[in-house]
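Notes for the one structure printed next.
Because the structure is a prediction, the values reported are computed rather than measured. Numbers here simply count residues along the sequence, with the first being 1.
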Amino acid sequence: EVQLQASGGGLVQAGGSLRLSCVVSGFTFDGHAIGWFRQAPGKEREGVACIGSSDGTTYYADSVKGRFTISSDNAKNTVYLQMNSLKPEDTAVYYCAADPIWKGVLWAMPGLYDYWGQGTLVTVSS
């Protein structure tokens with residue numbers, strides 16, 4: 001059974017930092033696309049960042065470039081999202097997602113990912 005367990009969310013002041021973790025189990029980690037998405041109240045789910053677990057290729061949404069960093073530890077089957085300089089507009093439920101097929105430039109399309117974690121809430125106060 002494929003499982004993704006996201007954690008690390010919380011309440012932080014604007015300008016602060018958080019690190020989200022996503023532990024993946026149930027499939028061979030290497031070679032998969034692992035993405036972080038977020039969904040704010042009343043808004044559609046949007047792609048935040050993605051990493052290819054085989055070669056470490058990364059993509060970022062323009063809104064988080066320079067502030068967020070996605071990384072993976074293949075030995076631990078874990079993907080991280082380091083979030084710095086957080087803004088109130090980063091407030092959302094953050095989800096990790098995985099799929100055996102690398103997405104390339106289509107990485108931010110939620111419908112292309114087969115497996116999803118339960119989400120972790122990030123709240124940034126002003």
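- Taken to the nearest 0.5 Å, the OG atom of Ser21 stands 10.5 Å off from the CD atom of Gln5.
- The two atoms that bring Lys103 and Ile101 nearest to each other are CE-O, 3.1 Å, heavy atoms only.
- Taken from NE2 in His32 to CG in Asn74, the straight-line distance is 11.5 Å, to the nearest 0.5 Å.
- Among all heavy-atom pairs drawn from Pro88 and Ala14, the shortest one is CD-CB, 4.1 Å.
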Worked check of side-chain contact (heavy atoms from CB on, under 4.5 Å) between Trp107 and Leu112: CA-CA 8 Å; Trp107 70 270; Leu112 298 183; over 6 Å; no

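- Contact of the Tyr95 side chain with the Leu4 side chain is not registered, since no non-hydrogen atoms from C-beta on lie closer than 4.5 Å.
- Summarising the geometry, atom SG belonging to Cys22 is positioned 10.0 Å from atom CG belonging to Asn77; distances are rounded to the nearest 0.5 Å.
- To the nearest 0.5 Å, atoms CD1 (Ile70) and CG (Leu81) are separated by 6.0 Å.
- Between Ala61 and Gly47, the shortest heavy-atom distance links the atoms CB-O, 3.4 Å.
- By the 4.5 Å heavy-atom criterion applied to side chains, Tyr113 and Phe37 are counted as neighbours.
- For Gln39, the side chain to side chain donor-acceptor pair (under 3.5 Å) partners two or more places apart in sequence, or in a different chain, are Arg45.
- From Ile34, atom CD1 reaches atom CD1 of Ile51 across 9.0 Å, with rounding to the nearest 0.5 Å.
- Taking Thr57 as the reference, Asp55, Tyr59, Trp102 meet the side-chain contact (heavy atoms from CB on, under 4.5 Å) condition, with sequence neighbours excluded.
- Here the closest heavy-atom approach between residue Phe68 and residue Val48 is recorded as CD2-CG1, 3.6 Å.
- Grouping the Ile, Leu, Val, Met, Phe, Trp and Tyr side chains by contacts below 4.5 angstrom, directly or via other members, places Tyr115 apart from Val23.
- Partners of Arg67 according to the side chain to side chain donor-acceptor pair (under 3.5 Å) rule, which considers only residues two or more places apart in sequence or in another chain, are Asp90.
- Linking ILVMFWY side-chain heavy atoms closer than 4.5 Å, directly or via other members, places Tyr80 and Met83 in two distinct hydrophobic clusters.
- Of all heavy-atom pairs between Ser17 and Asn84, the closest is OG-OD1, 2.9 Å.
- For Glu46, the side-chain contact (heavy atoms from CB on, under 4.5 Å) partners at least two apart in sequence or on another chain are Arg38.
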Side-chain polar contacts of residues 118-126 - donor-acceptor pairs under 3.5 angstrom, sequence neighbours left out - could you list them?
from, atom 1, to, atom 2, distance (Å)
Gln118, OE1, Ala6, N, 3.3
Gln118, NE2, Ala6, O, 2.8
Thr120, OG1, Gly9, N, 3.0

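- Checked against ring-ring contact (aromatic ring centres under 6.0 Å, His included), Tyr94 has no partners two or more places apart in sequence or in another chain.
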